[in-house]
Protein chains: 2
Amino acid sequence: MLTKGKKILIADDEADILEIIQYNLVKEGYDVITAKDGDEALLKAKNNKPDLIILDIMMPKKTGDEVCEILRSQPAFKNTLIVFLTALNDESSHIKGLETGADDYVSKPVSPKVLVSRVNALFRRVNMEPEGKVLKIENLTIDPDKFEVVVEDKDVTLAKKEFELLYLLASRPGRVFLRNEILNQVWGNDVIVGDRTIDVHIRKVRQKLGLDCITTVKGVGYKFSL
Amino acid sequence: MLTKGKKILIADDEADILEIIQYNLVKEGYDVITAKDGDEALLKAKNNKPDLIILDIMMPKKTGDEVCEILRSQPAFKNTLIVFLTALNDESSHIKGLETGADDYVSKPVSPKVLVSRVNALFRRVNMEPEGKVLKIENLTIDPDKFEVVVEDKDVTLAKKEFELLYLLASRPGRVFLRNEILNQVWGNDVIVGDRTIDVHIRKVRQKLGLDCITTVKGVGYKFSL
DNA sequence: TTTTATATTAACAAATTGTGAAGTCAAATC
DNA sequence: GATTTGACTTCACAATTTGTTAATATAAAA
């Protein structure tokens with residue numbers, strides 16, 4: 001069987017639903033992992049880094065909402081697709097679900113085929129802007145897959161945060177990122193770190209690259225520019 | 001209300017639906033264009049290059065499916081978000097719609113608020129977060145994202161307040177801003193600064209730009225004019 | 001001319017960022 | 001299990017930039 005190389009985690013406490021959805025997604029070529037409550041979903045999400053997570057809202061241990069919120073607050077899951085699957089069909093929970101950061105909200109009962117279609121549509125849209133895009137700016141290359149930075153044919157080793165910081169800035173050369181934006185993107189929404197932390201990391205990147213490619217915009221933020 | 005700078009085209013032959021959706025999207029900060037049949041939708045799509053298009057399926061002239069297919073075949077609309085809004089609720093048309101290249105498929109009747117939520121979610125996912133508007137006036141360019149001012153191909157570095165001041169004035173060339181308005185917009189409603197403070201900043205902008213583009217209207221305020 | 005509002009300049013205060021050193025913690029190595 | 005290593009953070013202080021004021025000069029209106 002040809003696999004799409006996309007991992008999907010399904011969390012639902014109803015075993016039969018879990019099974020039928022799993023069956024249909026596997027048939028479509030996805031790798032599927034299942035969980036039967038909120039805590040298990042969180043655990044498996046962390047261990048398996050799925051590309052998409054289907055969450056039932058009414059689950060034991062933790063509700064889908066809660067799982068979603070916890071995941072979204074972590075940088076590692078900022079780009080993970082999340083779909084709510086729920087028997088609730090009132091307007092307010094629908095809206096709340098989407099605002100929590102879900103990418104789709106599907107009401108039960110739903111045909112497995114329709115669900116698969118929606119999953120396909122989400123991947124289609126997201127894959128247009130591939131996340132692991134290699135950035136090349138003059139003699140600087142940044143490869144997020146290999147986690148590798150090359151300056152003038154020489155490898156530069158950056159730590160994780162340093163790399164993420166550089167990648168963020170370089171992903172939109174010229175654009176100024178507010179200190180707040182940087183915090184949210186690199187550190188995560190809820191993490192609290194001191195003001196000087198960003199500076200120190202910026203400094204390390206500047207130091208290691210040996211290039212004057214990060215410009216300070218005082219009172220605003222930082223931007224990449226060569 | 002601050003606009004998100006995102007254009008949405010809605011195509012539906014039912015005038016009342018058109019109106020209520022338009023109202024809700026505008027309230028949310030989107031720029032909205034409407035069309036009442038398939039041909040008009042195509043025409044307006046080409047002329048306005050919307051970021052997202054909401055298509056009713058059952059429309060005169062051309063159906064939503066057809067419009068979608070035509071648009072998707074053109075490179076210019078590869079990345080445009082498309083949402084089907086339809087009374088059809090059978091599984092096969094749902095699936096077919098998504099496979100045609102739609103990004104979402106919403107069944108009528110739908111609460112306008114839910115629709116707005118789904119639209120927001122789509123924009124959030126494609127990371128099309130609104131960008132500030134770049135102002136171009138003759139040989140002067142002001143880019144709020146890059147925090148950059150270019151005069152005759154030369155970069156000019158402005159401090160934060162200076163930039164905000166210039167951006168405010170230049171956003172409405174010719175319009176006179178009262179000193180009070182300037183204070184509110186640039187410094188904030190509650191900040192108290194002396195009268196001369198504005199003058200000094202105006203002077204710095206004039207100096208740095210090397211252009212006579214800010215005119216004093218004595219006893220009233222300042223205006224941008226080239 | 002007199003009055004009033006704005007321009008200019010320099011000095012000062014405030015806010016922001018840069019830097020080196022040191023501490024914390026967890027993972028890797030011995 | 002102890003030790004080492006390295007990533008990450010914080011701190012204190014230096015360096016820098018920005019914002020504000022005050023004093024004086026200039027120009028426009030009355």
Side-chain angles (χ1 to χ4, degrees), chain A residues 46-47 74-76 147-149 155-169 176-188 190-225, chain B residues 147-149 155-169 176-225:
Chain A
K46 280 171 194 166
N47 291 337
Q74 303 174 22
F147 207 80
E148 186 181 70
V149 178
D155 262 30
V156 176
T157 308
L158 293 187
K160 194 170 150 211
K161 284 257 165 12
E162 293 159 9
F163 187 91
E164 288 173 350
L165 178 54
L166 175 63
Y167 190 80
L168 174 68
L169 295 182
V176 178
F177 289 85
L178 311 181
R179 295 176 89 88
N180 244 336
E181 287 180 299
I182 295 176
L183 274 183
N184 287 337
Q185 301 279 326
V186 179
W187 273 264
D190 50 355
V191 180
I192 300 171
V193 289
D195 251 13
R196 303 270 64 70
T197 301
I198 292 184
D199 307 21
V200 173
H201 281 84
I202 290 275
R203 182 164 83 91
K204 290 216 161 187
V205 174
R206 282 172 170 158
Q207 233 169 20
K208 289 189 177 178
L209 288 195
L211 281 175
D212 187 22
C213 61
I214 298 179
T215 308
T216 303
V217 182
K218 230 173 155 155
V220 187
Y222 295 92
K223 68 176 167 181
F224 182 94
S225 60
Chain B
F147 214 85
E148 185 182 71
V149 178
D155 261 31
V156 176
T157 307
L158 295 187
K160 193 173 156 204
K161 283 256 166 18
E162 291 160 12
F163 187 92
E164 289 172 349
L165 178 55
L166 175 63
Y167 192 80
L168 174 67
L169 295 182
V176 179
F177 288 86
L178 311 181
R179 295 178 88 90
N180 242 337
E181 287 180 299
I182 295 176
L183 274 182
N184 287 337
Q185 298 283 325
V186 179
W187 273 263
N189 290 308
D190 45 0
V191 180
I192 300 171
V193 288
D195 249 16
R196 299 293 110 242
T197 301
I198 294 183
D199 307 19
V200 173
H201 281 87
I202 289 275
R203 177 181 138 62
K204 288 206 166 179
V205 174
R206 283 172 170 159
Q207 218 173 26
K208 287 190 178 179
L209 289 195
L211 280 175
D212 187 22
C213 61
I214 298 179
T215 308
T216 303
V217 182
K218 216 169 154 132
V220 187
Y222 296 92
K223 69 175 172 182
F224 182 95
S225 60

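Protein chains get the first letters and strands the later ones, always in sequence-line order, with residue 1 at the start of each. The figures here come from the full heavy-atom set of this structure, side chains too, leaving out hydrogens, waters and symmetry mates. Since the structure is predicted, the reported quantities are computational estimates derived from the model, not experimental observations.
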Taking the side chain of A:Val200 as heavy atoms from C-beta outward, which of C:dG18, D:dC11, C:dT6 is closest to it?
-> D:dC11
If you round to the nearest 0.5 Å, how far is CG of A:Asp199 from CZ of A:Arg179?
-> 4.5 Å
A:Lys161 near the nucleic acid: base, sugar-phosphate alone, or nothing, with a heavy-atom cut-off under 4.0 Å?
-> sugar-phosphate
Distance test, side-chain N/O of A:Arg206 to OP1/OP2 of C:dG18, below 4.0 Å = yes
Does A:Arg179 put a side-chain nitrogen or oxygen below 4.0 Å from OP1 or OP2 of C:dT16?
-> no
Does OP1 or OP2 of D:dT9 have a side-chain N or O of A:Trp187 closer than 4.0 Å?
-> yes
Taking the side chain of B:Ala159 as heavy atoms from C-beta outward, which of C:dT8, C:dG18, D:dT18 is closest to it?
-> D:dT18
Estimate the overall bend of the helix from C:dT1-D:dA30 to C:dC30-D:dG1 from the end axes over five pairs each, rounded to 10 degrees.
-> 20°
Shortest non-hydrogen separation from A:Val156 to A:Leu209 and the atoms involved = CG1-CD2, 4.1 Å
At under 4.0 Å, does any side-chain N or O of B:Tyr222 touch on OP1 or OP2 of C:dA7?
-> yes
Tell me: CG of B:Asp195 to C1' of D:dT24, nearest whole Å?
-> 17 Å
Separation of B:His201 atom NE2 from D:dT18 atom C1', in whole Å?
-> 7 Å
B:Ile198 CD1 - C:dT6 P separation (whole Å) = 10 Å
Which pair of non-hydrogen atoms, one from A:Lys223 and one from A:Val217, has the smallest distance, and what is that distance?
-> CE-CG2, 4.2 Å
Comparing B:Val220 with A:Gln207, nearest DNA chain C nucleotide closer to 5' gives the residue B:Val220
If you round to the nearest 0.5 Å, how far is CG of B:Leu169 from CD1 of B:Ile214?
-> 5.5 Å
Exceeds 12 heavy-atom contacts within 6.0 angstrom, atom CG of B:Asp212 | no
Contact class for A:Phe163 vs. all strands (heavy atom < 4.0 Å): base, sugar-phosphate, or nothing?
-> nothing
A:Thr197 near the nucleic acid: base, sugar-phosphate alone, or nothing, with a heavy-atom cut-off under 4.0 Å?
-> base
Distance in angstrom units between A:Lys204 NZ and D:dT9 C1', rounded = 10 Å
Rounded to whole Å, the CG-C1' distance (A:Asp212 to C:dG18) equals 14 Å
Shortest non-hydrogen contact from A:Glu148 to A:Asp155?
-> OE2-OD2, 3.7 Å
Round to a whole Å and report the spacing from CG of B:Leu158 to P of D:dT17.
-> 15 Å
Got a donor-acceptor pair under 3.5 Å from the side chain of A:Lys218 to the base of D:dT18?
-> no
Which residue, A:Lys208 or A:Ile192, contacts DNA chain D at a nucleotide closer to its 5' end, judged by nearest heavy atom?
-> A:Lys208
Tightest non-hydrogen contact, residues B:Thr215 and B:Ser225, listed as OG1-OG, 2.8 Å
Residues B:Val149, B:Phe163; criterion side chain to side chain contact (heavy atoms under 4.5 Å, CB included); working and verdict | CA-CA 8 Å; B:Val149 178; B:Phe163 187 92; 3.6 Å; yes
N/O (side chain, A:Thr216) to phosphate O (OP1/OP2, C:dT16) under 4.0 Å | no
Establish whether the base of C:dG20 is bridged to the side chain of A:Arg203 by a donor-acceptor pair shorter than 3.5 Å.
-> yes
